[in-house]
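These notes are about the structure you will find just below.
Basis for what follows: all heavy atoms, side chains included, without hydrogens, waters or symmetry-related copies. Only a predicted model underlies this, so the values are computations on that prediction, with no experimental measurement involved.
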Amino acid sequence: MAKNKLFRFAEMKKMDHVFEPTMDSINKDQIHYKGVWASEVFKNDNPVILELGCGKGEYTVALAEKCPEKNFIGIDIKGARMWVGAKECLEKNLTNAAFLRTKVDFIEKFFSPGEVEEIWLTFSDPQPAKPNKRLTSETFIERYKKILKPGGIVHLKTDSDILFEFTENEISTKGYKSKILTDDLYSNLDKIPENLKDILTVRTHYEELFSSRGHKIKYCQFEIH
């Protein structure tokens with residue numbers, strides 16, 4: 001297993017669409033692609049969309065396939081998992097997807113104010129004992145505010161009652177603007193806008209696993225500015 005990880009890490013270092021900043025560069029704010037993801041990395045002026053905690057990058061790859069007019073960046077600290085999505089992008093010749101290996105805690109270090117149009121949180125760790133570590137907690141929302149453009153959207157897709165109910169409460173108490181909220185996505189697809197249905201019905205490995213256990217899939221979309 002360790003040998004396999006080393007192989008994947010070595011392969012990713014050769015991939016132009018994978019970015020692995022050092023802690024030294026993060027601490028010194030020496031991120032040369034900050035503010036120029038669209039123009040310098042993707043070579044276009046299309047919107048930049050993030051998937052935080054992307055795991056194997058299944059959703060990032062699917063979004064890039066379904067929305068060629070947008071740029072997608074999958075972000076995670078687990079490089080061996082990320083390799084799967086990064087490799088798939090090469091095999092499918094996707095030029096509108098990239099991967100950034102870092103902790104979500106440092107997210108504002110990599111993007112300029114207003115550079116990001118949307119943030120996707122797909123089956124994030126619900127952190128049962130650590131509410132402040134949840135990716136929809138005020139701690140993280142304040143970081144998103146620094147990089148999302150006005151009117152930018154946060155998407156949450158989860159099987160977790162804990163995370164969904166927590167997020168629902170945050171939306172209400174913090175005054176975020178709720179746009180879509182359902183605790184049973186697949187029973188309410190008729191209420192989802194047509195342009196979003198195709199994206200929301202993408203099923204990752206974890207979603208298939210949770211669904212097979214009888215967990216209902218929940219979804220919400222909200223603005224934080």
Side-chain angles (χ1 to χ4, degrees), residues 12 15-19 37-39 41-76 78 81-101 104 107 110-111 115-124 135-136 144 147-149 151-159 164 167 179-182 184-212 215-223:
M12 287 203 303
M15 297 179 180
D16 292 337
H17 65 306
V18 175
F19 299 83
W37 282 95
S39 61
V41 175
F42 294 107
K43 309 296 183 184
N44 59 46
D45 58 0
N46 295 336
V48 173
I49 298 169
L50 313 181
E51 183 193 5
L52 306 184
C54 69
K56 295 180 180 180
E58 295 164 279
Y59 228 87
T60 297
V61 173
L63 288 168
E65 283 186 292
K66 293 177 181 297
C67 307
E69 75 285 359
K70 298 179 180 180
N71 302 314
F72 297 90
I73 304 172
I75 300 174
D76 207 302
K78 302 286 188 179
R81 295 178 187 174
M82 184 182 289
W83 172 88
V84 177
K87 188 78 170 176
E88 189 175 356
C89 283
L90 292 178
E91 294 168 351
K92 294 182 175 180
N93 295 313
L94 294 174
T95 59
N96 64 326
F99 291 88
L100 173 62
R101 188 182 176 197
V104 178
I107 193 68
F110 298 96
F111 302 93
E115 188 173 10
V116 176
E117 183 149 318
E118 299 177 30
I119 290 175
W120 282 82
L121 308 172
T122 52
F123 299 93
S124 307
L135 293 187
T136 55
Y144 307 158
I147 61 174
L148 269 176
K149 73 172 192 178
I153 291 172
V154 178
H155 303 263
L156 171 69
K157 191 178 182 187
T158 182
D159 71 302
F164 185 76
T167 304
K179 299 176 74 69
I180 301 174
L181 193 148
T182 174
D184 191 350
L185 173 62
Y186 294 107
S187 292
N188 291 289
L189 280 177
D190 58 319
K191 299 174 184 176
I192 301 295
E194 286 299 325
N195 64 339
L196 196 56
K197 282 183 184 178
D198 193 36
I199 295 173
L200 285 177
T201 51
V202 170
R203 291 178 181 252
T204 65
H205 166 75
Y206 284 111
E207 179 170 347
E208 293 285 4
L209 181 64
F210 297 141
S211 295
S212 69
H215 297 198
K216 290 182 179 179
I217 305 303
K218 303 143 186 71
Y219 171 74
C220 67
Q221 177 189 123
F222 57 100
E223 293 179 19

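Here CG of Asn188 is found 6.0 Å from CG of Asp184. Values are rounded to the nearest 0.5 Å. From Ile192, atom CD1 reaches atom CD1 of Ile199 across 11.5 Å, with rounding to the nearest 0.5 Å.
Environment of CZ in Phe210: crowded, with over 12 heavy atoms of neighbouring residues, nucleotides or ligands closer than 6.0 Å. Within 6.0 Å of NZ on Lys197 lie more than 12 heavy atoms contributed by other residues, nucleotides or ligands. Atom NZ of Lys56 has 12 or fewer heavy atoms from other residues, nucleotides or ligands within 6.0 Å.
A salt bridge does not link Glu117 to Lys70: none of the charged side-chain nitrogens sits closer than 4.0 Å to a carboxylate oxygen. Between Lys87 and Glu91, no side-chain nitrogen of the basic residue sits less than 4.0 Å from a carboxylate oxygen of the acidic one, so the salt-bridge criterion is not met.
Across all non-hydrogen atoms, the minimal contact from Asn96 to Phe42 is C-CE2, 3.5 Å. Residue Thr167 comes nearest to Phe222 through the heavy atom pair CG2-CE2, 3.9 Å, listed as atom of the first residue, atom of the second, then distance.
Side chain of Gln221 to main chain of Ile180: no donor-acceptor pair is present (N/O by atom type, distance under 3.5 Å, no hydrogens or angles).
Judged as a side chain to side chain contact (heavy atoms under 4.5 Å, CB included), and not counting sequence neighbours, the contacts of Ala38 are Asn44, Val48, Asn71. Phe111 pairs by the ring-ring contact (aromatic ring centres under 6.0 Å, His included) definition with Trp37, not counting sequence neighbours. With sequence neighbours excluded, no residue forms a ring-ring contact (aromatic ring centres under 6.0 Å, His included) with Phe164.
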Inset, instruction - Would you please test Lys218 and Thr158 for side chain to side chain contact (heavy atoms under 4.5 Å, CB included) and show each step? - result: CA-CA 5 Å; Lys218 303 143 186 71; Thr158 182; 4.2 Å; yes

Inset, instruction - Evaluate the side chain to side chain contact (heavy atoms under 4.5 Å, CB included) criterion for residues Ile75 and Phe110: first the C-alpha distance (whole Å), next the side-chain angles of each, then the deciding distance (0.1 Å), finally the verdict. - result: CA-CA 11 Å; Ile75 300 174; Phe110 298 96; over 6 Å; no

Legend entry - side-chain hydrogen bond (donor to acceptor under 3.5 Å, both in side chains) between His155 and Glu118, worked out: CA-CA 8 Å; His155 303 263; Glu118 299 177 30; 2.8 Å; yes

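Of the residues listed (Leu90, Leu94, Val41, Ile73), the one engaging His17 in a side-chain contact (heavy atoms from CB on, under 4.5 Å) is Leu90, and it is the only one.
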